[in-house]
Q: 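Sharing a structure with you now.
Every heavy atom of this structure was used, including side-chain atoms; hydrogens, water molecules and symmetry mates were not. Chain letters run A, B, ... following the sequence lines, proteins first and then strands; every chain starts at 1.
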2 protein chains.
Amino acid sequence: MTAHDVAKAAGVSTGTVSRVINAHPAVAKDVRQKVLDAIDALGWQPNAVARSMRTASTRTIGCIFSDVRNPLYANIIQGAEQAFAENGYTLMVSSSGGDSSREAKLIQLFASRRADGLILSNADEDDAAIAAALRASNLPTVLVERDLPIEADSVGTDHRGGMRRAVEYLFSLGHERIALITGGRRTRAGRERVGGYLDAYEQAGKTPLPDMLRLESLSSDYAFSETQALLGMTVSPTAIIAGGNLMLAGVLRATQMMNVKIPDDLSIVCSGDTELAELATPSVTAIRWDLSAVGREAAKILINRLAGSIPSKPVRIEVANEIVLRKSCALVRRG
Amino acid sequence: MTAHDVAKAAGVSTGTVSRVINAHPAVAKDVRQKVLDAIDALGWQPNAVARSMRTASTRTIGCIFSDVRNPLYANIIQGAEQAFAENGYTLMVSSSGGDSSREAKLIQLFASRRADGLILSNADEDDAAIAAALRASNLPTVLVERDLPIEADSVGTDHRGGMRRAVEYLFSLGHERIALITGGRRTRAGRERVGGYLDAYEQAGKTPLPDMLRLESLSSDYAFSETQALLGMTVSPTAIIAGGNLMLAGVLRATQMMNVKIPDDLSIVCSGDTELAELATPSVTAIRWDLSAVGREAAKILINRLAGSIPSKPVRIEVANEIVLRKSCALVRRG
DNA sequence: TTGTATGCGTTATCAA
DNA sequence: TTGATAACGCATACAA
């Protein structure tokens with residue numbers, strides 16, 4: 001079933017069929033109707049592959065994240081998909097498992113599939129192979145929570161400000177020994193979180209104990225083991241910040257196992273709001289932002305960029321965050 | 001940059017270039033090397049669109065779920081993606097928002113994009129437009145947790161058995177008034193859950209009170225309002241089963257708000273294990289199964305079907321489930 | 001073993 | 001306003 005069949009059925013040429021489905025103005029009304037009737041009768045749909053071949057556009061966007069199961073990325077994907085779908089784009093998604101070399105391969109894969117653009121949140125900003133693959137692919141790219149040495153648009157949230165306010169809030173409750181468990185040292189998001197933490201200490205004229213910083217991984221398991229280690233110290237933290245939305249689970253597993261009373265013995269704040277934070281007992285104070293909006297903004301930028309309707313200078317969008325006060329934080333115990 | 005450029009650089013014809021990248025045996029070793037060198041030097045990658053045009057295969061699979069943010073689907077997608085990626089397939093994902101007419105459009109979209117196959121978990125099995133679109137598309141399809149009047153492979157878990165065992169477990173604790181809050185009446189999964197519940201009652205020679213069944217929606221909000229309604233009844237349930245993995249949050253919101261003591265005042269079981277079930281206080285007994293395996297099995301079936309290595313008769317795979325006993329269930333209070 | 005030539009189903013250019 | 005025709009980049013049948 002091709003445009004040729006439709007043309008024959010409607011008694012016109014394939015060119016006219018093409019003009020009709022592409023809403024070309026120069027088609028007589030009655031001819032147009034004849035073609036539409038034939039399309040209906042035959043149930044023809046244009047072959048998108050052939051169309052892509054001719055137009056050099058697939059209306060397809062490649063998405064690369066470490067893991068689509070992470071609600072952080074699932075929400076971003078959902079927001080992006082909605083905006084893209086409204087504009088006739090389809091999303092190809094892939095999980096890299098946080099493997100940088102796989103990410104480079106995926107960039108090449110999407111390039112060979114002739115995606116029109118890319119949404120990328122890669123594992124390691126310092127891996128030159130990623131930037132190189134991106135440059136070689138020549139694909140318009142929106143980075144999510146990342147910074148790379150290429151000309152690319154980017155979207156993210158203000159992790160630095162959010163973390164600074166979280167620490168300041170804990171200061172206001174009298175906490176001084178605030179542990180930060182997080183990862184992503186080689187990503188903008190990770191660096192900003194640590195930066196915000198240090199900013200708060202510096203502005204308050206305080207110095208954090210170095211062993212309060214646990215910066216090696218964003219995994220739940222890491223949060224679990226580091227929480228145990230922190231709480232086992234002779235000078236242990238009075239508050240823990242879980243800087244990554246998978247980590248609260250690990251912190252809670254550890255505190256439940258060790259029978260630590262929240263917030264009496266320990267205050268907890270997490271970065272990234274989840275149902276777990278809301279419904280845990282006690283509920284957990286969180287740094288929250290609109291994840292769908294991150295995806296939506298990324299999509300909007302890419303759509304506009306592909307339409308040529310924004311200047312070549314890279315665009316940066318920051319989605320605001322806020323602290324949701326719940327019941328996991330209390331005044332630090334004296335003595 | 002095309003195969004032509006590579007051919008010129010290597011001093012061969014495009015046919016030879018094609019044979020090299022497709023591992024055709026009839027290529028001399030030295031010629032092969034020359035071509036590989038040229039490919040390397042030029043950094044050429046075959047255009048997948050042109051290749052698809054010629055081979056009538058895109059090595060692309062369309063995925064249609066109600067919402068990729070639902071961990072149920074996110075996990076399935078992840079499992080499927082892994083198996084597909086290993087076989088050179090790329091996933092196109094889309095969320096329908098549970099809108100049947102959008103699902104039909106998505107089926108057509110993926111058909112026009114010439115996906116090689118489909119993974120589908122649609123909202124309403126009774127909507128004839130879905131089956132019609134599927135038949136018209138002629139795409140090999142694997143249904144996930146669904147049954148449709150078409151010849152299609154399917155994957156799912158044993159909801160009937162899982163639910164039956166959950167009810168039997170509650171019987172063993174002395175519960176008689178067990179409420180079931182769930183939805184998906186027009187899906188296999190939903191019907192099986194209700195079937196399992198009724199099976200258990202029948203086998204025990206008991207009859208459930210009709211108002212213990214709340215079967216209108218799988219949403220968290222529905223679970224919230226129905227839990228409130230159930231607990232407000234004069235003859236209220238002593239146990240609630242949340243039959244859908246988004247629903248536990250709604251049940252917990254309601255019980256927390258109403259200050260209901262779990263498990264003293266009420267026992268809870270949920271279908272679909274989550275971090276929330278594990279880490280809530282008390283932890284919640286759950287019907288659990290391997291979600292990635294569901295996606296992986298769906299992918300395997302499709303891969304084999306596309307390779308022509310399975311018989312035309314539809315394949316059905318059932319992933320086993322089990323009940324994880326936690327602390328949300330107790331002996332029913334007498335008096 | 002290799003090259004040549006054709007066609008996949010569109011869109012777009014050019015002529016009529 | 002419409003039709004004929006030439007690409008798009010690859011894979012493959014056929015010829016050599």
Q: So does B/H24 get a backbone contact from the side chain of B/N22, meaning a donor-acceptor N/O pair under 3.5 Å?
A: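 A pair under 3.5 Å: no.
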
Q: Assuming nearest nucleotide by heavy-atom distance, tell me which of B/G15 and A/W44 is located more 5' along DNA chain C.
A: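 Looking at the nearest nucleotide for each, B/G15 comes out on the 5' side.
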
Q: Would a distance-only check, ignoring hydrogens and angles, find a side-chain to backbone donor-acceptor pair under 3.5 Å from B/S18 to B/T14?
A: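 Absent.
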
Q: Going by heavy atoms in the side chains, are B/V155 and B/V142 under 4.5 Å from each other?
A: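 Counting from C-beta outward, B/V155 and B/V142 do come under 4.5 Å.
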
Q: Any carboxylate oxygen within less than 4.0 angstrom of a Lys/Arg side-chain nitrogen, looking at B/D153 and B/R305?
A: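 Salt bridge between B/D153 and B/R305, a charged N being under 4.0 Å from a carboxylate O: yes.
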
Q: Could you work out which one of C/dA5, C/dT10, D/dC10 sits closest to the side chain of A/A3?
A: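 Taking heavy atoms from C-beta onward, the closest nucleotide is C/dT10.
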
Q: Please check the phosphate of D/dG3 (OP1 and OP2 only) for any side-chain N or O of A/T16 closer than 4.0 Å.
A: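 Yes, within the criterion.
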
Q: Pick base, sugar-phosphate or nothing for B/S18, based on heavy-atom distances below 4.0 Å to the nucleic acid.
A: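 Touches a base.
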
Q: Among D/dC10, C/dT10, D/dA4, find the nucleotide with the atom closest to the side chain of A/S13.
A: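 For A/S13, the side-chain atoms sit closest to D/dA4.
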
Q: Nearest-Å distance, NE2 (A/H24) to C1' (C/dT13)?
A: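 After rounding, the gap between these two atoms is 11 Å.
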
Q: Specify the separation, in whole Å, of atom CG of B/N22 and atom P of D/dG9.
A: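 Those two atoms, CG and P, are 17 Å apart.
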
Q: What is the distance, rounded to the nearest whole Å, between atom NZ of B/K29 and atom P of C/dT1?
A: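 Distance, rounded to whole Å: 12 Å.
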
Q: When all nucleic acid strands are considered with a 4.0 Å heavy-atom cut-off, which category describes A/A26: base, sugar-phosphate, or nothing?
A: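 Base: the residue A/A26, judged by heavy atoms under 4.0 Å, touches a nucleobase.
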
Q: Rounding to a whole Å, what distance do you find between B/R19:CZ and C/dA5:C1'?
A: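 In whole Å, C/dA5 C1' lies 12 Å from B/R19 CZ.
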
Q: If you assign each of B/R114 and B/P25 to its closest nucleotide in DNA chain C, which residue comes earlier from the 5' end?
A: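 Closest to the 5' end, via its nearest nucleotide, is B/P25.
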
Q: A/K8 has an atom NZ; how far is it from atom P of D/dA4, in whole Å?
A: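 Computing the A/K8:NZ to D/dA4:P distance gives 13 Å.
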
Q: Between B/I21 (CD1) and D/dT12 (P), how many Å, whole number?
A: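 B/I21 atom CD1 is separated from D/dT12 atom P by 10 Å.
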
Q: Looking only at side-chain N and O atoms, does B/N47 come under 4.0 Å of OP1 or OP2 in D/dC8?
A: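 Negative; the distance criterion is not met.
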
Q: Could you state the NE2-P distance from B/H4 to D/dA7, rounded to the nearest angstrom?
A: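 The answer, rounded to whole Å, is 13 Å.
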
Q: Whole angstroms only, please: what is the CZ-P distance between B/R51 and D/dT12?
A: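 Nearest whole value for this atom pair: 10 Å.
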
Q: What does A/V31 touch in the nucleic acid at a heavy-atom separation under 4.0 angstrom: a base, only the sugar-phosphate, or nothing?
A: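 Counting heavy atoms under 4.0 Å across all strands, the contact made by A/V31 is with sugar-phosphate only.
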
Q: Touch check for B/V27, heavy atoms < 4.0 angstrom, all strands: base, sugar-phosphate only, or nothing?
A: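 Sugar-phosphate only.
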
Q: So for A/R54 and D/dA7, does any side-chain atom that can act as donor or acceptor lie under 3.5 Å from a complementary atom in the base?
A: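 Flag set: donor-acceptor pair detected.
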
Q: Going by heavy atoms in the side chains, are A/Y73 and A/V144 under 4.5 Å from each other?
A: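 With C-beta onward as the side chain, the pair stays apart.
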
